[in-house]
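Below is one structure; the comments refer to it alone.
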Amino acid sequence: MAVRSWKTLLSLVLMGALMAFASWELVLTRKAGRLPDPPQPRTEVPPEDPQEAMRDLGIVLVPEDTPLERAKSYDWRVEGMEPARQQLAYGLGETVERGLAQAHRDYSVRLRYRAMGPERFTYVAPPGCGTDMRCIYAELMRSNAEPVRVLGERFATSIRERDLDAAQATELILGFVRRIRYELPGDEPFGIVPPGLVPAQDRGDCDSKAVLALMLLRQVGVDAVMLYSDALAHAAIGVGLPGTGTRIPFGGRGYQYAELTAEGWPLGMIPPQYDKPQLWRVLPLPDVQG
């Protein structure tokens, strides 16, 4: 009887150790995909001319009674479009902004997020998430769907009114996202600003801006994917359009690389330090409707 009890105790101890090891394996420690500094564009960005003709896409407020002073104004250029200069303002109500930030923090608590110093953190990945950020990106797309949808509808309306093709629509949206100030969000869980807050706060790093661009492009009907490289600690967007330059294969198609951290990067041109196509992968993310 004593031998059996000893064996039973040993089995329970071993089982507990295995369960603890399995739980530990789900805790991921990784470097966040960030740039220390935005890359220098290879092309000159013309200075703004107050007298230049401009296309005003209007003011997007969520909700509609949000005070105008909460809106951030953006002014950018799309070469080859007439007029080239574009303008749009976007703002969130205080309650909506707080809600998006709180939802992001709540999700980090559910995943046992813990900061471990600059650009490093741990969290317990949900089942099926693997060792990348796809589940965090997917959750942000879901929780921020409505405010981004309202913003995307303004782009969709302008695209329809001007009868822009897919390439022009892509440049219009990429130009807007690139105009948003590059900032490393060290204060945010997972090192990422929720996409609805990126234009509302005029800040975001590589993947913060990439998630926003992905949502907007897909809403207007452009085939776009999330590009991610853990080895290079960087994120970008792939666009399924014809053209030259760096392309990342996925699902039998080639996606043109789109850099988002700074203005001046043509579609398909990749910064030299990231020109290692074999280190990039496409993260499959679902389409999300607001």
Side-chain angles (χ1 to χ4, degrees), residues 38-62 64 66-92 147-183 195-206 208-222 224 236-237 239 241 243-245 256-269 271:
Q40 293 300 313
R42 295 184 179 183
T43 57
E44 292 292 330
V45 178
E48 295 178 4
D49 180 0
Q51 303 303 318
E52 182 183 8
M54 178 181 63
R55 179 73 178 217
D56 189 356
L57 278 68
I59 302 174
V60 180
L61 299 173
V62 183
E64 293 182 353
T66 297
L68 287 174
E69 57 267 24
R70 291 189 61 84
K72 300 284 186 181
S73 295
Y74 296 93
D75 190 325
W76 72 102
R77 295 177 60 85
V78 181
E79 297 305 327
M81 191 173 293
E82 186 60 40
R85 188 177 174 191
Q86 317 292 316
Q87 180 175 288
L88 180 144
Y90 173 81
L92 295 178
V148 176
R149 182 198 64 78
V150 178
L151 174 61
E153 187 54 41
R154 188 58 57 93
F155 280 103
T157 298
S158 184
I159 290 166
R160 288 193 301 267
E161 290 175 348
R162 291 189 271 180
D163 194 26
L164 303 182
D165 60 26
Q168 292 171 317
T170 297
E171 293 293 353
L172 179 67
I173 289 173
L174 293 182
F176 166 74
V177 176
R178 288 173 178 143
R179 189 64 164 171
I180 295 170
R181 184 169 55 90
Y182 178 88
E183 179 183 300
L197 298 183
V198 170
Q201 298 178 352
D202 188 23
R203 68 183 185 115
D205 63 341
C206 57
S208 303
K209 296 171 76 172
V211 173
L212 172 64
L214 178 69
M215 297 174 73
L216 293 174
L217 288 170
R218 286 182 173 182
Q219 185 174 340
V220 302
V222 175
I237 287 296
V239 182
L241 293 174
T244 60
Q256 280 192 295
Y257 180 94
E259 179 64 34
L260 296 165
T261 53
E263 296 178 275
W265 290 103
L267 193 62
M269 180 179 287

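R178 is linked by a side-chain hydrogen bond (donor to acceptor under 3.5 Å, both in side chains) to nothing, counting only residues two or more places apart in sequence or in another chain.
A donor-acceptor pair under 3.5 Å is absent between the side-chain atoms of E171 and the main chain of Q168, judged by distance alone. A donor-acceptor contact shorter than 3.5 Å links the side chain of Q219 to the backbone of R149. With hydrogens and angles disregarded, no donor-acceptor distance shorter than 3.5 Å links the side chain of R181 to the backbone of R203. Between the side chain of Y257 and the backbone N or O of P271 there is no donor-acceptor pair closer than 3.5 Å. Listed for the K209 side chain is no donor-acceptor partner under 3.5 Å among the backbone atoms of G204.
Of all non-hydrogen atoms in P195 and M215, the two that sit nearest each other are CG-SD, 3.8 Å. Looking at every heavy atom in both residues, L260 comes nearest to A210 through CD1-CA, 3.4 Å. Of all the heavy atoms in L212 and V177, the pair that sits closest is CD2-CG2, 4.2 Å. Taking each heavy atom of D202 and I180 in turn, the nearest pair found is OD1-CA, 3.6 Å. Summarising the geometry of G152 relative to V220, their closest heavy-atom pair is O-CG1, 4.2 Å, with the distance given to 0.1 Å. Residues V222 and A166 come closest through the heavy atom pair CG2-O, 4.1 Å.
In this structure, the side chains of L174 and W265 stay at 4.5 Å or more apart for every pair of heavy atoms. Between Q86 and W76 there is a side-chain heavy-atom pair separated by less than 4.5 Å. Side chains of R55 and V78 form no contact here, defined as non-hydrogen atoms less than 4.5 Å apart. Side-chain atoms of E183 and Q201, non-hydrogen and from C-beta on, never get closer than 4.5 Å to each other. Contact of the T170 side chain with the Q256 side chain is not registered, since no non-hydrogen atoms from C-beta on lie closer than 4.5 Å. The side-chain heavy atoms of L92 and T66, taken from C-beta on, include no pair separated by under 4.5 Å.
Remark: I237 CD1 to L214 CG distance equals 4.5 Å, nearest 0.5 Å. Of the inter-residue distances, the one linking I59 atom CD1 with E64 atom CD reads 12.5 Å to the nearest 0.5 angstrom. Within the model, atoms CG of L68 and CG of L61 stand 6.0 Å from one another, a figure rounded to the nearest 0.5 Å. One finds the CG atom of L164 at 4.5 Å from the CE atom of M81 (value rounded to the nearest 0.5 Å). The CD atom of E52 lies 6.0 Å from the CZ atom of R85; values are rounded to the nearest 0.5 Å.
Under the 30°/60° scheme for interplanar angles, the aromatic rings of Y74 and F176 are found to stand perpendicular.
The residues R179 and D75 are annotated as not salt-bridged, no charged nitrogen and carboxylate oxygen being separated by less than 4.0 angstrom.
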Under the side-chain contact (heavy atoms from CB on, under 4.5 Å) rule, what do L151 and L88 come out as? Steps first, then yes or no, please. CA-CA 10 Å; L151 174 61; L88 180 144; 3.8 Å; yes
